[in-house]
Amino acid sequence: MRRFDVKLDWISLVSVLRAYTDVEDLKQGKAVHGSVVKLGLDLEPDMLIALTAMYAKSGEVTVAKFLFNQMEIPDVILWNAMISGYAKNGYADEAVELFRTMISKNIKPDSVSVRSAIVAYAQVGSLELARWMDDFINRSEYKNDVFVNTALIDMYAKCGSVTSARSIFNRMLKKDVVVWSSMIVSYGLHGQGQDAIDLFQEMKLAGVKPNDVTFLGLLIACNHSGLVQEGWEYFSCMRRDYGIEPRHQHYACVVDLLGRGGYLDKAYEFITKMPMEPGITVWGALLSACKIHRRVTLGEYAAGRVFSLDPLNAGHYVQLSNLYASVGMWSHVSKVRVLMKEKGLSKDLGYSLIEINGKLQAFRVGDKSHPRSKEIYQELEELERRMKEAGFVPNTDSALHDLNNEDKEENLCNHSERLAIAFGLISTPPDTTLRIIKNLRACVNCHSAAKFISKLAGREIVVRDANRFHHFKDGLCSCGDYW
DNA sequence: ATAGGGTTAG
């Protein structure tokens, strides 16, 4: 650490702070903050901004907000630092809230403010809010800003409307590689693999050179559509034809592609030939594929690697437990549960949000807190009855515990996703598309139930899970049951 | 000249 024994003014300290913020060295940044305090320097506006930006960027949003509140004069850079800090670290609601406060206080957002806010709106996932944002941009001077429009493409895709994403894309006159990549990723997210591939062809014709993200987008798209051969081709050609070195993410994607496609031994062999050390995501993809294809031994091996790299993530243990459950190895299931308990880990609580009249309402497993709870459960029962008539058979493999079958079934129909769907059905006019946002991945049962419900109720249901979108219509899902 | 800044596995 540099010593500040010479007489330093706050300007140099601000520069040092910014440098540490750039390289994301929070420890050194905090040391500088300490020196500032020790030297009894006034928190000049620039210093305050630099400090806020540092804490916000590194995720210490509470400290950042405290500093942010010290500033009396409205400064757009300070607001941007805080909004983007929130957005980058998963505090999307706070970012959105702050952006709206900014507008209500008549502090004029610049292009960076709106970009950061759009990133936050994308995370929130509400299509109505997304439309509000689009409208706001359209009325602003950023209507033709390439950066802003790229963020809008991503926002619309993440809020469930790939069509609106495409219309933003279409209206853009200048399209750089990020614009094209963003649209390709959007198609990938929605499982429209062929559209992503077609767009890539167009991109080549337009003479835009792809980058590593473009290929990642193509790999995601192939992955989500089960296009194993095509995905493999893209992976092979990126270095050969474009001179782009695949990164760890690309390798992880290919492992997922091969594994999910059922080529588990190929996936494992591919891992052993990687030019870099395989990380959590690579082993995690293999583990998840082993769960899908019920490959216990390879799955245990992958789990071992995942656990040693990321011992405190409950999700991995749940994967292994589900793998055991899928082949009926109940004693192993309990062993994993015990192991989790010993480590003090618990499964992330699942929740589903549904957008009704622009408002997001949350449901948890077995939730009875909603004022219309009684009606919701009545609707669920009615749905269950009609689904069974139509031939729906619950798959109890994904239940985590070794309960008797009846209990398992009960647990499954209480899943937050079903509660949200039931609430959506009783609180919107017929034909309204239901839009649901989940924090976890779709479970096999809810996925299957949603297909039935889309047909029985004649509704389109759009579900954003932790990784991708599912569009349910007429008893089918856009993912082709491949997720 | 310029802080804050658009796409990125599961």
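The analysis underlying the following values was restricted to heavy atoms, covering all of them including side chains, and did not include hydrogens, waters or symmetry mates. Fair warning: this is a prediction, and the values are worked out from it, not measured in the lab. By convention in this document, chain letters (A, B, ...) are assigned in the order of the sequence lines, proteins followed by strands, and residues within each chain are numbered from 1.
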Asker: If you look at every strand shown and take non-hydrogen atoms under 4.0 Å, does A/Val148 touch a base, only sugar-phosphate, or nothing?
Answerer: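 No contact at all - A/Val148 keeps every heavy atom at 4.0 Å or more from the nucleic acid.
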Asker: Starting at atom CD1 of A/Ile83, determine the distance to atom P of B/dG6, rounded to an integer number of angstrom.
Answerer: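 In whole Å, B/dG6 P lies 13 Å from A/Ile83 CD1.
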Asker: Starting from C1' on B/dG6, measure out to CD1 on A/Ile118 and report it in whole angstrom.
Answerer: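 Atom-to-atom, A/Ile118 to B/dG6, this comes out as 8 Å.
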Asker: Nearest-Å distance, CD (A/Gln123) to P (B/dT8)?
Answerer: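 My rounded result for the distance is 11 Å.
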Asker: In terms of relative ring orientation, are A/Phe200 and A/Tyr234 parallel, tilted or perpendicular, with 30° and 60° separating the classes?
Answerer: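 Rings of A/Phe200 and A/Tyr234: perpendicular, over 60°.
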Asker: Between A/Arg305 and A/Glu300, does any side-chain N to carboxylate O distance fall below 4.0 Å?
Answerer: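 Here A/Arg305 does not pair with A/Glu300 in a salt bridge, since their nearest N and O are not under 4.0 Å apart.
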Asker: Classify the ring geometry of A/Phe469 against A/His190: parallel below 30°, tilted from 30° to 60°, perpendicular beyond 60°.
Answerer: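 Judged by the thresholds at 30° and 60°, the geometry between A/Phe469 and A/His190 is parallel.
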Asker: In whole angstrom, what separates A/Met155's CE from B/dG6's C1'?
Answerer: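 My rounded result for the distance is 12 Å.
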Asker: Regarding A/Arg139 and A/Asp135, does a basic nitrogen lie under 4.0 Å from an acidic carboxylate oxygen?
Answerer: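 So A/Arg139 pairs with A/Asp135 through a salt bridge.
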Asker: What class does the angle between the rings of A/Trp132 and A/Tyr121 fall in, given that below 30° is parallel, 30 to 60° is tilted and above 60° is perpendicular?
Answerer: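 The arrangement is parallel - the two ring planes meet at less than 30°.
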Asker: Under the side-chain contact (heavy atoms from CB on, under 4.5 Å) rule, collect the residues that match up with A/Leu360, sequence neighbours excluded.
Answerer: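 Per chain and number, A/Leu360 pairs via side-chain contact (heavy atoms from CB on, under 4.5 Å) with A/Val124, A/Ser126, A/Leu353, A/Glu355, A/Ile437.
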Asker: Would a line drawn from the ring center of A/Phe147 to the ring center of A/Tyr142 be shorter than 6.0 Å?
Answerer: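 Ring centres of A/Tyr142 and A/Phe147 not closer than 6.0 Å.
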Asker: By nearest atom, which of the nucleotides B/dA3, B/dT8, B/dG6 is closest to the A/Asp46 side chain?
Answerer: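 Side chain of A/Asp46 sits closest to B/dA3.
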Asker: Establish whether the base of B/dG6 is bridged to the side chain of A/Asp145 by a donor-acceptor pair shorter than 3.5 Å.
Answerer: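 Side chain to base: no pair below 3.5 Å.
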Asker: So A/Tyr268 and A/Trp283, would you call those rings parallel, tilted or perpendicular, with 30° and 60° as cut-offs?
Answerer: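 Answer is tilted, since the angle falls between 30° and 60°.
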Asker: Could you walk me through whether A/Ile184 and A/Thr214 pass side chain to side chain contact (heavy atoms under 4.5 Å, CB included), step by step?
Answerer: CA-CA 7 Å; A/Ile184 289 173; A/Thr214 318; 3.8 Å; yes
Asker: Using whole Å, what does the distance between atom C1' of nucleotide B/dT7 and atom CG of A/Asp176 come to?
Answerer: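 Distance check: A/Asp176 CG to B/dT7 C1' gives 9 Å.
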Asker: Quick check for you: among B/dG6, B/dG4, B/dT8, whose closest atom lies nearest to any side-chain atom of A/Lys158?
Answerer: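 The answer is B/dT8, which lies nearest to the side chain.
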Asker: Select one nucleotide: of B/dG6, B/dG10, B/dG4, the one nearest the side-chain heavy atoms of A/Asp22.
Answerer: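 Taking heavy atoms from C-beta onward, the closest nucleotide is B/dG4.
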Asker: Give, ordered by number, those residues of residues 211-227 of chain A having at least one heavy-atom distance below 4.0 Å to an atom of DNA chain B; if nothing qualifies, reply none.
Answerer: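 When residues 211-227 of chain A is checked for heavy atoms under 4.0 Å from DNA chain B, the hits, listed by number, are A/Val213, A/Leu216, A/Ile220, A/Asn223, A/His224.
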Asker: Over how many whole Å does the gap from A/Asp110 atom CG to B/dT2 atom C1' extend?
Answerer: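 About 12 Å, once rounded to whole Å.
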Asker: In whole angstrom, give the distance that lies between atom CG of A/Leu287 and atom P of B/dG10.
Answerer: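 After rounding, the reported distance stands at 15 Å.
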Asker: Can you tell me the distance, in whole Å, between the CD atom of A/Glu24 and the C1' atom of B/dA3?
Answerer: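 Those two atoms, CD and C1', are 16 Å apart.
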Asker: Nearest to the A/Phe147 side chain among B/dT7, B/dG6, B/dG4, which nucleotide is it?
Answerer: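 Closest nucleotide among those given: B/dG6.
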Asker: Which residues within residues 245-259 of chain A lie with some heavy atom under 4.0 Å of an atom in DNA chain B?
Answerer: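 Heavy-atom contacts with DNA chain B come from A/Arg247, A/Gln249, A/Ala252, A/Cys253, A/Asp256.
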